[in-house]
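What you see below is based on every heavy atom in this structure, not just the backbone, and it leaves out hydrogens, waters and symmetry mates.
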Amino acid sequence: MPQDRYNGRGSGRTGRPARGGSSRDARRSPQGGRTRRATSSRASELRGADAPSGRLSTELVSRHGLLAGGFLAASAIVLARLSEIQVFNTDWYREQANARRVSSQTLYAKRGTIYDRNGTVLVSSIECKNVYLNPSLIKKKQRRRAIDALVDVLGMDEDVVEDLVDREGTFVYVKRQVDEEDAELLAKKGIAGIEFEPAIKRVYPNGSLASQVLGVVNVDNEGITGLEKQYNEVLTGVNGSLMRERARDGSFIAGGAYEKVPAQDGMDIVLGIDANVQRVAEDAIAEAVERVGATYGSIIVTDPTTGEIIAACSYPTYDPADLASASNASMNLRVVTDVYEPGSVFKTFVSAAAIEHKGLTPNTTFDVPAEVLVGSDIVRDVDKRGAAMTMSLREILRRSSNTGMVLVGEKLGADAFSEYVIDGFQFGKSTGIDFPGESLGIIKKRSEYDGASLGSMSFGQSLAVEPVQMVRAMSAIANKGVMTTPHFLKTRAGEEVDWTDGEHRVLTEETAASVADMMLTVVDEGTGMDAQMPGYEVSGKTGTAERAGKDGGYEEGNNMASFMGFVSTKDPRVLCYVTLDGTAAMSYAATPVFRKVMEEALPALGIKPTR
């Protein structure tokens, strides 16, 4: 046994018995596979004692090459990145770094204050706060407290606040233009992550007074409607800035970088509006619209000698402090934006052109039939008389005779009508009013006249204009033949604004006086008697225009009732135009409104009785 163990495994002095035994075992293998493996193994051993060192050398060279190549590639990438950062895009990366550690806030400039002609503040600006969150500073333990504080103080929806608090980042607005009192109450709670920035907002000391005239601004204090939009560049100042350095967690660093550029406030403006007259006008038109069941109503009051607008309003209106409840329609100042068929008020301009250019006088007579054919339509007077009458031009105007005015229009002729009535009084053209959204009306060109055009336009139908165009045209009659530009702005930054460039002579002084005198007859003895005012001469003209329906024809019981007049006849200083749209009532509904406004306007403007 010891011998067998030695011969089979134990002789290791030369190694040959073990190899010999293996060879014999291999030769005994039926497949001879052991022989091939042994041979292969032997061949490996016989390749020499230096074989392992050659393989190691090759592997080392390969590894060194890979390491060197990798190092070179990495170096190239690093160099390229450094070049990008330090050479090509240095400014961009510096800005990004600064943005992470520097907080810049806008210091909003105060918009200029808007005053009425007597120094009453109509709209001004006050300081307030924008409330925002730095969610990264709100700790989990403070989350519920922060949410409750924002909901309680700012009156916000809880779900909305929770979403804001749970956002990532360091800045998100919660609510803008928060009153100082509410912001202070919130600040006293001392909740980290609830922060504030200075802001400015508009306030309206008189509530909704003149809201359509003044207009509104957006949260960035930019005017978007009304005079706020018209004079946005004047009212807007130059915003400043506040730069502070933040730590990584978004908190401000005490003693860190700090730079403040103060804001420059905007300029103040003064309007021709009289707050007292404006309030009376708004109340009067609201009452009239409700009383006669009109859809809309408007009033505009001016000084016809200068064009200054003393009051302007439409009803329904809106509250600028509650824009969420305001409709687009209620924000329109309809005396500028809407167009109407003016009806019989337009007869004054036809009469003026006939006197100025065809030699008529207030006493020129016409044989006026009970009815007249205009195109394919039969036109009658409101009194529906059955017989013809002889009427002077003064009588035609006093009675507001449609059939009589058709004859006056024919006396003028289509060419003269287009030249002296439409173009002469500049219907269909901009009035130059300092207010956005002016409509230019719907006026036929001379080449577009048909068989009914001249006759129907002679009594104020088949054309549409906005009330401010009518007011501008009437200023020529009230102001001794010179048409003035209706405007709101009186002074800017303390300097009077000159509007005389828009003045334009339309009539001779004699013609204007003749028409004004005929209009006095209308109020003293005719259709405008309800506009009479004790102690004053009132020149005026009534109007009732049927409104077109959806099918294109005129609708019975759907009128635009109106009255326009001025005081006094010989030295007019106040002109007022009242319109009630979409009512079954006629002009008699508008004359009491005129009188109510004038009763306030005349003493407010220091106009003495003339009778």
side-chain contact (heavy atoms from CB on, under 4.5 Å) partners of Lys444, counting only residues at least two apart: Glu448, Tyr449, Asp450, Ser453

Only pairs under 3.5 Å count here: list side-chain donor-acceptor contacts from residues 587-607, not counting sequence neighbours, and write none if there are none.
residue : atom : partner : partner atom : Å
Thr591  : OG1  : Tyr588  : O            : 3.2
Arg595  : NH1  : Asp530  : O            : 2.1

Sequence neighbours left out, what pairs pass side-chain hydrogen bond (donor to acceptor under 3.5 Å, both in side chains) with at least one residue falling in residues 282-294? Gln278-Glu282, Glu287-Arg291, Glu290-Tyr315

Using the test ring pair (Phe, Tyr, Trp, His ring centres under 6.0 Å), find all partners of Phe346 that sit at least two apart in sequence or belong to another chain. Phe349, Phe427

How would you list all residue pairs meeting side-chain hydrogen bond (donor to acceptor under 3.5 Å, both in side chains) that involve residues 412-422, not counting sequence neighbours? Asp415-Arg446

Mind jotting down which residue pairs meet the salt bridge (Lys or Arg N to Asp or Glu O under 4.0 Å) criterion with at least one end in residues 420-441? Sequence neighbours excluded, please. Asp423-Lys429

Using atom types as modelled, flag every donor-acceptor pair under 3.5 Å from a side chain in residues 474-481 to any protein atom, sequence neighbours excluded.
residue : atom : partner : partner atom : Å
Ser475  : OG   : Arg472  : O            : 2.5
Ser475  : OG   : Thr484  : N            : 3.1
Asn479  : ND2  : Val482  : O            : 3.1

Which residues share a side-chain contact (heavy atoms from CB on, under 4.5 Å) with Thr583, sequence neighbours left out: Val292, Ala294, Ala561, Leu580, Ala585

With sequence neighbours left out, which residue pairs that include part of residues 112-128 fulfil the salt bridge (Lys or Arg N to Asp or Glu O under 4.0 Å) condition? Arg117-Glu308

How long is the span from the OG1 atom in Thr225 to the CG atom in Asn232, to the nearest 0.5 Å? 11.0 Å

Residues 211-220 side chain polar contacts: donor-acceptor under 3.5 Å, at least two apart:
residue : atom : partner : partner atom : Å
Ser211  : OG   : Ser208  : O            : 3.2
Ser211  : OG   : Thr317  : OG1          : 3.2
Ser211  : OG   : Tyr318  : O            : 3.0
Gln212  : OE1  : Ser314  : N            : 2.9
Gln212  : NE2  : Ser314  : O            : 3.4
Gln212  : NE2  : Pro316  : O            : 3.2
Gln212  : NE2  : Ser330  : O            : 2.8
Gln212  : NE2  : Asn332  : O            : 3.3
Asn218  : OD1  : Asp220  : N            : 2.9
Asn218  : OD1  : Asn221  : N            : 3.2
Asn218  : OD1  : Glu222  : N            : 3.0
Asn218  : ND2  : Glu222  : OE1          : 3.1
Asp220  : OD1  : Arg176  : NH2          : 3.0

Residue pairs passing the salt bridge (Lys or Arg N to Asp or Glu O under 4.0 Å) test with at least one member in residues 558-580, sequence neighbours excluded, are Asp303-Arg573, Glu537-Lys570

Quick one: ring pair (Phe, Tyr, Trp, His ring centres under 6.0 Å) pairs with a partner in residues 485-539, sequence neighbours left out? Phe435-Phe488, His487-Trp499

